[in-house]
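Chain letters run A, B, ... following the sequence lines, proteins first and then strands; every chain starts at 1. None of these values were measured; they are calculated from a predicted model.
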Number of protein chains: 2
Amino acid sequence: MIKKKYTIHDLARELDVTASTVSRALNDHPRISEKTKKKVFETARKFGYEPNTLASALRRGKSNTIGIIVPFIDRSFFASVIRGVEEETKKAGFHVTICQTHEKLEDEIQSIQTLLNARVSGMIISAAKESTNFDHLKALQDKGISVVLFDRLINSLDNCSVVIDDFLGAYKAVEHLIRQGYTRIAHFTGPEKISIYKERLRGYQSALEDYKLPINKKWIIEMNSQVSEGRKGICRLLKGKQRPDALFSSSDFSALGALQVLKEQNISVPDEFGIVGFSNEPFTQYLDPSLSSVDQNSNKMGHIAAKLLMEQINGDTMSDIAQKIYLKPELMIRQSSKRSKT
Amino acid sequence: MIKKKYTIHDLARELDVTASTVSRALNDHPRISEKTKKKVFETARKFGYEPNTLASALRRGKSNTIGIIVPFIDRSFFASVIRGVEEETKKAGFHVTICQTHEKLEDEIQSIQTLLNARVSGMIISAAKESTNFDHLKALQDKGISVVLFDRLINSLDNCSVVIDDFLGAYKAVEHLIRQGYTRIAHFTGPEKISIYKERLRGYQSALEDYKLPINKKWIIEMNSQVSEGRKGICRLLKGKQRPDALFSSSDFSALGALQVLKEQNISVPDEFGIVGFSNEPFTQYLDPSLSSVDQNSNKMGHIAAKLLMEQINGDTMSDIAQKIYLKPELMIRQSSKRSKT
DNA sequence: TTGTAAGCGTTATCAT
DNA sequence: ATGATAACGCTTACAA
């Protein structure tokens with residue numbers, strides 16, 4: 001048995017008023033008498049009336065949906081951001097539609113189109129790695145769509161965005177290593193085009209400079225965020241003439257690779273060699289030794305991105321001036337860098 | 001500059017036909033001449049026309065949105081299922097709206113309502129742990145909404161559902177331990193109300209019986225899926241008069257707790273004690289020793305759930321008879337249970 | 001093969 | 001404070 005869906009007309013008929021009155025009452029319109037409002041709400045409940053958000057969205061030209069575009073849903077960082085977004089938007093009566101780009105520009109363009117067709121009120125986007133052309137994002141601005149970028153920054157765009165302060169995170173990590181007494185600190189960096197890696201590299205260099213430690217170019221290795229790459233990287237470092245005694249890695253995965261090799265070669269971590277990774281991937285805390293890492297506050301990032309977006313949508317002042325928000329990263333100090341004083 | 005959105009009427013005017021013709025052409029209606037179709041598509045492209053999916057959904061009474069409800073988006077299992085769902089539905093032109101229940105019945109009911117109001121075409125749901133009353137799910141059936149359940153089964157409902165074969169997964173895990181020469185195998189189980197844990201327990205018992213090994217009630221410990229609980233559990237086992245030499249845990253987290261304690265007490269894993277967990281959490285492969293675990297095929301589960309749902313939506317035969325699909329779990333054999341022959 | 005016209009359920013703009 | 005009416009953009013009988 002399929003239950004009938006009631007509409008405002010059904011309620012109107014029941015109450016002997018018009019649909020407009022019902023609509024207004026339901027939306028708490030100021031000049032509807034409290035009495036009718038009450039009556040309307042009552043029978044709405046009695047009938048089990050539920051508004052058709054589709055019709056409302058069509059009429060108003062805006063849905064209460066916001067779209068979120070990420071490379072992969074199941075990467076822990078993104079999953080966590082999405083969680084934050086969902087939690088924040090739900091409060092305001094929005095729901096979240098998700099799209100994956102698989103790091104492909106084409107999928108990104110496609111996703112944006114889909115969301116546009118669904119008339120979402122706004123979008124929260126972490127650009128695909130592949131994206132170097134940002135016309136499709138610029139087009140969104142032109143169309144007057146509210147957008148908040150996160151994680152992957154696009155400098156040529158003046159969108160609202162939320163990122164963590166990668167520079168600071170890196171700086172803190174390296175400073176921590178220095179304070180633990182490590183002096184020859186290497187760095188695994190990522191593709192140099194991507195801003196987050198550039199920033200982390202800068203933070204690394206800056207900390208070394210501030211503490212008057214040498215920057216050795218051979219100790220800076222570019223690689224992808226993979227365990228295997230980390231293994232290769234550390235081998236190269238260990239073979240070099242100048243051997244480092246610590247590593248700050250832009251990725252937890254490559255840090256893990258390094259850790260594995262060091263263990264295999266019986267080089268004690270943290271006593272002989274200190275490691276700090278980046279991202280605070282869930283697995284880092286369970287390693288042996290547990291891996292120090294820079295936490296990205298991903299859940300909070302989601303919350304903030306969502307808040308920012310909703311301000312934009314509601315035309316609140318703050319976001320008229322497009323702004324970048326830098327979240328403070330938190331250094332999670334674990335065994336891999338906590339040296340018993342030498 | 002905000003670009004104008006074109007409608008089928010704009011196209012109609014341009015082509016000197018009516019909106020209906022344009023609509024039909026765009027939808028590849030059989031009795032529209034190829035010539036007009038071609039013309040319509042051409043000018044649609046020229047104008048950069050994009051359909052308003054909202055209007056279409058309103059008219060047809062169905063959107064091309066499907067809703068997915070999970071306890072937490074950022075649990076790796078769910079994230080991975082969602083990923084699968086997104087990938088599968090995208091192909092068919094659907095998009096995915098996500099809702100979290102935080103394992104709360106109230107949130108679950110609320111989420112369903114939201115999705116109902118958005119007129120989703122169907123829902124994919126993993127019930128909240130808290131849910132013991134399923135009226136809200138039954139109501140969906142009555143309303144004629146297509147639903148596919150996954151992971152958490154509800155036996156009183158005859159919905160389509162996709163689960164892994166927990167019994168088989170457990171059986172395989174325990175059989176593997178037995179074949180490795182372990183004979184006194186303990187088990188960490190979960191809240192007994194939840195079917196997945198019941199099934200895993202059954203698989204455990206069944207394997208022991210088949211291999212004529214004793215089932216010792218003291219070796220079966222109920223706990224939540226947490227590292228700390230696993231630690232407590234293994235301590236209890238080690239203190240007991242009859243000490244087991246292996247553990248099959250319903251959860252990777254509690255298995256990890258056990259592993260930690262064993263390492264601390266210098267009990268060699270896998271030589272003196274074997275462990276197999278469940279879920280194949282990402283961290284298991286990075287532990288030392290790496291933790292054997294039962295993989296749940298989560299991405300595939302998402303794909304299949306999505307396919308099933310879309311069959312239901314399209315009224316395809318298969319799903320007229322509500323069916324349960326049991327996915328074959330895969331045992332990931334790693335160091336924690338791979339004993340050098342004794 | 002195409003046109004006509006009504007309608008999906010809401011909301012916005014008049015008017016009263 | 002409420003009503004009447006049109007419109008959002010699309011689909012779909014029914015006609016022609």
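Interface remark: the A:R24 side chain does form a donor-acceptor pair with the C:dT13 base, using a distance-only criterion of under 3.5 Å. For A:S20 against D:dA4, a side-chain-to-base donor-acceptor contact under 3.5 Å is present. At a cut-off of 3.5 angstrom, counting only N and O atoms as typed in the model, there is a donor on one side and an acceptor on the other between the side-chain of A:R59 and the base of C:dT11.
Across all strands shown, A:T21 has heavy atoms under 4.0 Å from sugar-phosphate atoms exclusively, and none from any base. A:S33 comes within 4.0 angstrom of sugar-phosphate atoms only, judged by non-hydrogen atoms across all strands, and of no base.
When each of B:E86, B:E88, B:E87 is tested with B:K90 by the rule salt bridge (Lys or Arg N to Asp or Glu O under 4.0 Å), just one qualifies, namely B:E86.
Residue B:R60 has its side chain nearest to D:dT12 when only D:dT12, C:dT11, C:dT2 are considered. Distance from the side chain of A:H9 is smallest for C:dT10 among the nucleotides C:dT4, C:dT10, D:dT2. Residue B:T18 has its side chain nearest to C:dG3 when only C:dG3, D:dT2, D:dC10 are considered. Nearest to the side-chain atoms of A:N27 among the listed nucleotides D:dT12, C:dT2, C:dT11 stands C:dT11.
D:dG9 atom C1' lies 16 Å from atom CZ of B:F47, rounded to whole Å.
Both B:T53 and B:R31 lie near DNA chain D, and the one whose nearest nucleotide falls closer to the 5' end is B:T53. Two residues, A:L26 and B:H29, neighbour DNA chain C, and the one matched to the more 5' nucleotide by heavy-atom proximity is B:H29.
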